[in-house]
Colleague: 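Below you'll find the structure I mean.
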Amino acid sequence: MSVVSLLGVNILNNPAKFGDSYVFEITFECLEQLEKDLEWKLTYVGSATSDQYDQELDSLLVGPIPVGVNKFIFEADAPKTNRIPDADILGVTVVLLTCSYDGREFVRIGYYVNNEYESDELNADPPAKPIIEKIRRNILADKPRVTRFAIKWDSEASAPPEFPPEQPEADLQPDEDEYGAEELDEEEEGAEATAETTGEASAAAATATTTDGDADMAGVEEQGEPAEEEEMSEDGSVDLENESEDELEEELEEEVEGEAAEGDDAMEVDEKPADASKPQEVMAH
């Protein structure tokens with residue numbers, strides 16, 4: 001169970017100009033007294049092709065953290081345009097708001113950001129060199145992507161399991177006795193079945209060689225029957241193909257309906273407790 005739960009993030013200046021600061025109002029709940037501060041970071045993804053263009057816009061330590069609901073303002077500078085490729089300044093990118101405790105990240109909130117010109121004329125025919133002063137950003141604040149990680153807090157009891165539990169009884173019996181015996185039984189059964197099949201085939205071949213010469217004529221007269229069987233098999237294969245296509249179409253329709261019913265699977269922040277009192281202002285430094 002996480003000691004710190006994120007309750008809400010409000011973006012106080014959205015939309016804004018590209019060069020304006022990012023201002024977040026963050027509310028979270030602390031269930032236990034923490035020995036260390038929380039570290040918050042804001043990262044701007046400069047390009048989808050390489051993480052070398054990512055910029056850490058700002059970071060700050062928040063603490064000491066009292067038990068209960070807390071709130072603070074996180075303000076970070078805009079990204080430096082000289083570290084972003086000109087082709088990636090306009091369009092959609094991402095900003096990541098993360099929080100760590102004692103160097104261990106336990107929550108990450110991702111927002112899509114759309115950068116475009118303020119005028120339709122420039123959007124229709126953007127210049128080769130972006131005009132930063134005329135670009136505005138719009139953060140999709142209503143669709144954050146929240147990822148949580150289980151970490152160790154102050155006590156060892158809070159540490160998540162790193163290895164599967166020990167199973168001493170699994171080593172009492174050798175693996176070959178437990179698993180090899182079953183495989184040997186299957187091999188022996190397969191060998192016996194093969195021997196029986198070989199014996200039956202040999203007996204059938206011997207019986208066929210003792211038939212009289214009329215069998216040759218009978219074989220000539222019966223040559224017309226396989227044509228009907230082939231035609232029947234063709235008809236049957238067409239029906240099977242049609243049935244499989246219908247089944248696939250029904251499955252596809254069910255999947256589409258299921259996705260439409262689920263809607264956007266964006267994770268939301270934790271719900272604020274009903275009996276929560278007024279948030280406490282915590283110190284950011």
Colleague: Go through Asn115 and Thr93 one step at a time and tell me if the side-chain contact (heavy atoms from CB on, under 4.5 Å) criterion holds.
Modeller: CA-CA 8 Å; Asn115 298 316; Thr93 187; 4.0 Å; yes
Colleague: Within a strict 4.5 Å, meaning less than it, do heavy atoms of the Val113 and Val45 side chains meet?
Modeller: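 No - every pair of side-chain heavy atoms lies 4.5 Å or more apart.
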Colleague: Between Lys17 and Glu133, is there a salt bridge with N-O shorter than 4.0 Å?
Modeller: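 Looking at Lys17 together with Glu133, the answer is no, because their closest N to O distance does not fall below 4.0 Å.
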Colleague: Can you find a heavy atom in the side chain of Asp154 that is under 4.5 Å from one in the side chain of Leu34?
Modeller: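 Result yes, sub-4.5 Å side-chain heavy-atom pair found.
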Colleague: Just how far is it from atom NZ of Lys41 to atom CG of Leu60, taken to the nearest 0.5 Å?
Modeller: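 These two atoms lie 11.5 Å from each other.
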Colleague: Going from CD on Gln52 to CZ on Arg83, what distance comes out if it is rounded to the nearest 0.5 angstrom?
Modeller: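 Nearest 0.5 Å value for the CD-CZ distance: 10.5 Å.
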Colleague: Checking side-chain contact (heavy atoms from CB on, under 4.5 Å) for the pair Phe72/Phe28: CA distance, chi angles, key distance, verdict?
Modeller: CA-CA 9 Å; Phe72 71 99; Phe28 63 93; 3.8 Å; yes
Colleague: How far apart are the C-alpha atoms of Glu116 and Asn138, what are their side-chain angles, what is the distance that settles it, and do they pass the side-chain contact (heavy atoms from CB on, under 4.5 Å) test?
Modeller: CA-CA 9 Å; Glu116 61 181 0; Asn138 185 18; over 6 Å; no
Colleague: Between Phe24 and Trp40, is the ring centroid distance below 6.0 Å?
Modeller: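 No, ring centres 6.0 Å or more apart.
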Colleague: Nearest 0.5 Å please: distance from the CZ atom of Arg148 over to the SG atom of Cys99.
Modeller: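 Here the rounded value is 12.5 Å.
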Colleague: Mind checking whether Ser47 and Ile84 have side chains closer than 4.5 Å, heavy atoms only?
Modeller: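 Side-chain contact under 4.5 Å: no.
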Colleague: Kindly indicate whether the side chain of Thr43, heavy atoms from C-beta on, has any atom under 4.5 Å from the side chain of Thr98.
Modeller: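 The answer is no; the side chains never approach within 4.5 Å.
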Colleague: Do you know the tightest heavy-atom contact between Pro79 and Leu57?
Modeller: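 Closest pair (atom of Pro79, atom of Leu57, distance): CA-CD2, 3.6 Å.
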Colleague: If you take all heavy atoms of Val23 and Asn13, which pair is closest and at what distance?
Modeller: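 That would be N-OD1, 3.3 Å.
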Colleague: Flag yes if Val9 and Val107 sit in one hydrophobic cluster, no otherwise; membership is Ile, Leu, Val, Met, Phe, Trp, Tyr, and two members link when side-chain heavy atoms are under 4.5 Å apart.
Modeller: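 Val9 and Val107: one cluster.
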Colleague: Per the ring-ring contact (aromatic ring centres under 6.0 Å, His included) rule, what does the pair list look like for residues 126-151, sequence neighbours excluded?
Modeller: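 Matches after skipping sequence neighbours: none remain.
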Colleague: Keeping Asn14 on the side-chain end and Ile139 on the backbone end, is there a donor-acceptor pair under 3.5 Å?
Modeller: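 Looks like yes, one N/O pair under 3.5 Å.
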Colleague: Walk me through it: do Thr27 and Val69 pass the test side-chain contact (heavy atoms from CB on, under 4.5 Å)?
Modeller: CA-CA 7 Å; Thr27 306; Val69 178; 3.8 Å; yes
Colleague: Any heavy-atom pair between the side chains of Leu12 and Ile73 that's under 4.5 Å?
Modeller: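 Yes, their side chains come closer than 4.5 Å.
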Colleague: Any non-hydrogen side-chain atom of Phe74 less than 4.5 Å from a side-chain atom of Asp58?
Modeller: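 Phe74 reaches Asp58 side chain to side chain.
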Colleague: What closest approach, in Å, do Leu6 and Ile26 show between heavy atoms, and which atom pair accounts for it?
Modeller: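 Smallest interatomic distance, heavy atoms only, reads CD1-CG2, 3.8 Å.
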Colleague: Do Tyr101 and Ile151 make a side-chain contact, defined as non-hydrogen atoms from C-beta onward lying under 4.5 Å apart?
Modeller: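 The answer is yes, as the side chains (C-beta and beyond) meet within the 4.5 Å cut-off.
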Colleague: Would you kindly confirm whether Ile109 and Tyr112 end up in one hydrophobic cluster when ILVMFWY residues are joined by side chain heavy atoms under 4.5 Å apart?
Modeller: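 No, Ile109 and Tyr112 fall in different hydrophobic clusters.
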Colleague: If you round to the nearest 0.5 Å, how far is CD1 of Ile135 from CG of Leu90?
Modeller: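 Interatomic distance, Leu90 CG to Ile135 CD1, rounded to 0.5 Å: 4.5 Å.
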Colleague: Return the CG to CD distance between Asp20 and Glu75, rounded to the nearest 0.5 Å.
Modeller: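 One gets 10.0 Å once the value is rounded to the nearest 0.5 Å.
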Colleague: For Tyr117 and Ile131, which heavy atoms make the closest approach, and how far apart are they?
Modeller: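 Result for this residue pair: OH-N, 3.0 Å.
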Colleague: Give the cluster check for Leu96 versus Phe18: same hydrophobic cluster or not, with ILVMFWY residues linked at side-chain heavy-atom distances below 4.5 Å.
Modeller: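 No; Phe18 is not reachable from Leu96 via cluster members.
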Colleague: In this structure, would Ile11 and Leu140 fall into the same cluster of hydrophobic residues linked by side-chain contacts under 4.5 Å?
Modeller: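 No.
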Colleague: Can you name the closest pair of heavy atoms from Glu32 and Cys30 and give their distance?
Modeller: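 That would be O-SG, 2.7 Å.
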Colleague: Do Val146 and Val95 sit in one hydrophobic cluster, given that two such residues count as connected whenever their side-chain heavy atoms are within less than 4.5 Å of each other, even indirectly?
Modeller: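 Yes, it is one cluster - the side chains of Val146 and Val95 are joined through contacts under 4.5 Å.
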Colleague: Which heavy-atom pair separates Ser2 from Ser5 by the least distance, and what is that distance?
Modeller: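 In this case the closest contact between Ser2 and Ser5 is O-OG, 4.3 Å.
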Colleague: What's the spacing between Arg108 CZ and Arg145 CZ if we round to 0.5 Å?
Modeller: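 Between Arg108 CZ and Arg145 CZ, I get 14.5 Å after rounding to 0.5 Å.
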Colleague: Would you mind reporting whether Val92 and Asn114 have side-chain heavy atoms less than 4.5 Å apart?
Modeller: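 They are in side-chain contact.
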